[in-house]
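In what follows, every heavy atom counts, from backbone to side chain, and hydrogens, waters and symmetry copies are set aside. As the structure is a prediction and not an experimental result, all values here were calculated from the model. Every chain is numbered from 1 and lettered A, B, ... according to where its sequence line falls, protein lines coming before strand lines.
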Amino acid sequence: MTDEPTTPASGMRDFLPEQVARRNHVFDIIRDVYEGYGFEPLETPSMERLSTLLGKYGEDEKLIFRIMKRGQKLQRALDEDPSEDELADLALRYDLTVPLARIFAEHGNDFPRVFKRYQIGPVWRADRPQKGRYREFYQCDVDILGSESTLVEAEVISAAADALERLGFDDFRIHTNHRKLLDGMMEIAGIEQEMRSDALVAIDKLDKIGLKGVVDELDERGLSDDAVDTLMPMLDQGAEADSPPFDNQRTLQAIADQIEQTESGAHAVSDLESLFRVCEGSSAGRHLYFDPYLARGLSYYTGAIFEIRSDDFPGSLAAGGRYDDLVGMFTNQDVPACGFSLGVERIIDLMEERDMFDIDETPADVMVAVWDEDFAADSMAIARQMREAGLRADLYPDDDSGFGKQFGYADERDIPFVAIFAPDEKEAGCVAIRDMDSGEQTEVSREHAGEETARLILKARD
RNA sequence: GUGGGCAUAGCUCAGUCUGGUUAGAGCGCCGGCUUGUGGUGCCGGAGGACGCGGGUUCAAGUCCCGUUGCCCACCCCA
């Protein structure tokens with residue numbers, strides 16, 4: 001006995017078989033939907049060079065899990081009063097988007113002119129854990145590189161909306177805004193460039209701290225009263241009821257007149273108009289909610305931005321947007337890009353809370369019992385016949401237990417049938433198949449035990 | 001990085017405020033009733049130096065200080 005901890009490291013989780021089954025169920029549906037849109041799978045390593053990740057995320061960079069240099073390099077670094085970043089040369093990936101930009105910069109010529117990819121995998125953030133927030137969590141990303149059309153925005157949010165609907169969600173909103181719209185507003189309000197990201201953070205909090213809260217926070221962050229007085233009414237023209245049906249076009253028009261005097265504002269209005277129009281034909285359409293207060297923290301977004309929210313969950317279930325300059329940070333070429341990421345952990349948490357899982361978690365279709373040591377080879381042979389007939393067959397893992405114990409084991413694992421081959425059955429040349437639900441036993445021939453059992457089970461399921 | 005809450009059996013928790021004989025419950029686990037047959041029932045059993053360290057006291061699971069871990073909130077984010 002030692003006092004070594006047995007819980008996973010902070011913010012990390014173990015998954016028991018039942019949980020894995022549920023998670024896989026969710027991943028399977030999402031993958032199926034994404035592939036249905038023609039997205040191709042792409043995988044990148046869990047670790048990246050630290051320099052690849054630095055400078056892409058803004059403030060959040062401090063949450064990147066750094067990996068220390070090793071051996072002599074570490075010694076050398078230690079010798080010269082190093083900063084945290086000088087001690088590390090690698091890092092766990094912080095999201096799936098920046099690695100995508102890197103791989104596109106490397107392999108761009110190998111991809112089609114417009115490249116649609118999806119990726120499902122874990123990412124790591126050194127955040128303090130909290131409800132719906134983990135240090136290791138899966139993201140399910142779709143991204144389209146190489147097109148400036150708003151059709152691309154429409155595709156990625158539709159894929160996400162379809163996936164959510166397939167998982168059983170209905171009451172979610174896709175909050176939509178545009179970085180350039182916010183830029184235009186801030187320009188009109190005379191907010192200098194270096195204040196703008198601060199302003200965005202405050203604006204983004206509307207749903208949490210309310211209108212007055214936003215005004216106070218803008219004030220605290222050092223914006224002039226003039227700027228705040230100009231900015232807030234513009235934002236507020238966009239305020240509409242946050243339940244469907246949403247009249248996004250009208251909301252946009254209310255803002256457009258003023259905002260179109262700036263170049264970026266005009267660009268944003270035209271983008272959003274086009275997006276709203278295109279989406280009318282998509283599954284995202286009825287969920288789309290133009291929200292001028294949506295800002296988003298990540299610094300790489302350049303155009304439309306999105307966040308999916310449900311009233312039952314604090315924070316967002318999914319997020320994304322256009323990031324036309326990210327690939328350019330790795331190579332000279334300009335590659336327009338837009339992506340969307342489902343926060344599956346939060347989706348799964350919410351599904352657990354709402355008891356939305358309804359899946360068959362049985363680990364096997366049938367368990368083959370073992371009478372004694374002398375019958376063990378026969379039991380193995382029967383299990384093999386069952387598997388060859390396409391059944392998931394489990395073999396009782398011991399040869400000296402009574403049937404009572406063996407049935408208990410099958411019952412505990414929710415295995416619906418038990419196959420029995422003991423002296424009586426051997427005598428009769430049969431295998432007894434016990435229905436664990438009813439207790440009824442049916443005999444199948446020893447020779448064709450596989451197919452006959454498969455038929456029997458199939459029939460019982462109807 | 002900041003604030004708050006919690007830590008007692010394998011699990012979920014009572015007991016702590018108002019210190020005092022062998023620390024409880026439910027569930028789970030093991031055995032028996034049931035030597036070719038489970039689930040339900042009845043009977044029995046195992047399992048805890050009360051997170052860790054120190055202090056106060058005749059006496060600490062209970063009060064005080066520290067520490068670690070987890071959870072929740074803030075910041076920020078999927």
Using the 3.5 Å cut-off, write out each protein N or O paired with an N or O of nucleotides 67-70 of chain B and the distance between them.
from  : atom 1 : to      : atom 2 : distance (Å)
B:C70 : OP1    : A:Ser10 : N      : 3.4
B:C70 : OP1    : A:Ser10 : OG     : 3.4

Strictly under 3.5 Å: I want the nitrogen or oxygen pairs between protein and nucleotides 39-45 of chain B, one per line.
from  : atom 1 : to       : atom 2 : distance (Å)
B:G39 : O4'    : A:Asp411 : OD2    : 3.4
B:G39 : N1     : A:Asp437 : O      : 3.4
B:G39 : N2     : A:Met436 : O      : 3.2
B:G39 : N2     : A:Asp437 : O      : 3.0

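Between A:Asp127 atom CG and B:G1 atom P the separation is 12 Å, expressed in whole Å. Summarising the geometry, the separation between CD on A:Glu412 and C1' on B:C30 is reported as 13 Å, rounded to the nearest angstrom. Atom P of nucleotide B:A78 and atom CD of A:Glu136 are separated by 17 Å, given to the nearest angstrom. Across the protein-nucleic acid pair, A:Arg135 atom CZ and B:A78 atom P stand 17 Å apart, rounded to whole Å. The separation between A:Met351 atom CE and B:A78 atom P is 21 Å, rounded to whole Å. Between the CG atom of A:Asp394 and the P atom of B:G38 there is a distance of 20 Å, rounded to whole Å. Whole-Å rounding puts the A:Met367 CE to B:G38 P distance at 13 Å. Rounded to a whole Å, the OH atom of A:Tyr409 is 19 Å from the P atom of B:U37.
Here the two rings, on A:Tyr118 and A:Tyr37, have centers that are 6.0 Å apart or farther.
Considering every non-hydrogen atom in both A:Tyr396 and A:Val370, the closest pair reads O-CG2, 3.6 Å.
Syn is the conformation of B:A49, whose glycosidic angle sits no further than 90° from 0.
Counting non-hydrogen atoms of neighbouring residues, nucleotides and ligands closer than 6.0 angstrom, the CZ atom of A:Arg354 exceeds 12 such neighbours. In A:Glu353, the CD atom is crowded: over 12 heavy atoms of neighbouring residues, nucleotides or ligands sit closer than 6.0 Å. In this structure, A:Met436 places its CE atom where more than 12 heavy-atom neighbours from other residues, nucleotides or ligands lie under 6.0 Å away.
Looking at heavy-atom distances under 4.0 Å, A:Ser341 makes no contact with the nucleic acid at all. Here A:Asp60 lies in heavy-atom contact (under 4.0 Å) with sugar-phosphate atoms only. A:Gly402 comes within 4.0 angstrom of nothing in the nucleic acid, heavy atoms only. Across all strands shown, A:Tyr134 has heavy atoms under 4.0 Å from base atoms, whether or not it also approaches the sugar-phosphate. Contact annotation for A:Leu342: no contact, since no heavy-atom pair falls under 4.0 Å across all strands. In this structure, A:Arg221 reaches the sugar-phosphate backbone alone: every heavy-atom distance under 4.0 Å involves primed, P, OP1 or OP2 atoms, never a base. In this structure, A:Ala318 reaches the sugar-phosphate backbone alone: every heavy-atom distance under 4.0 Å involves primed, P, OP1 or OP2 atoms, never a base. Heavy atoms of A:Lys205 sit under 4.0 angstrom from primed sugar atoms or phosphate atoms, though from no base atom. Among the atoms of the strands shown, base atoms are found under 4.0 Å from some heavy atom of A:Glu425. Here A:Val418 lies out of heavy-atom contact (under 4.0 Å) with every strand.
Annotation: of the two residues near RNA chain B, A:Lys131 and A:Gly315, the 5′-most nearest-nucleotide partner is A:Lys131. With RNA chain B read from its 5' end, the first of the two nearest nucleotides for A:Lys62 and A:Glu307 is the one closest to A:Lys62.
Across B:C76, B:C77, B:C71, the shortest atom-to-atom separation from the side chain of A:Val201 is found for B:C76. Comparing B:U37, B:A78, B:C71 against the side chain of A:Arg346 picks out B:A78 as the nearest. Distances from the side chain of A:Arg125 to the nucleotides B:U37, B:C77, B:C75 place B:C77 closest. Looking at the side chain of A:Ser316, the nearest of the listed nucleotides B:U37, B:A78, B:G1 is B:A78. Nearest to the side-chain atoms of A:Lys405 among the listed nucleotides B:C75, B:C77, B:G31 stands B:G31.
Listed pair A:Gln130 / B:C72 fails the phosphate criterion, with no side-chain N or O lying under 4.0 Å from OP1 or OP2.
Counted by atom type alone, A:Arg128 and A:Gln130 present zero donor-acceptor pairs between their side chains at under 3.5 Å. A side-chain N or O of A:Tyr134 and one of A:Asp349 form a donor-acceptor pair less than 3.5 Å apart.
Both tests pass for A:Arg446 against the ring of A:Phe421: distance under 6.0 Å to the centre and angle within 45° of the axis.
Only the C1' atoms considered, B:U18 is 26 Å distant from B:G4, to the nearest whole Å. Comparing B:G3 with B:A9, their P atoms are spaced 30 Å from each other, to the whole Å.
The base of B:C76 sits with one of its N or O atoms less than 3.5 Å from a complementary donor or acceptor on the side chain of A:Arg133. Between the side chain of A:Gln441 and the base of B:U37, at least one donor-acceptor pair of N or O atoms lies under 3.5 Å.
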Nucleotide pairing, RNA chain B (Watson-Crick or G-U, distances under 3.5 Å), in dot-bracket with [ ] and |: (((((((..((((......[...)))).(((((.......))))).....(((((..]....))))))))))))....
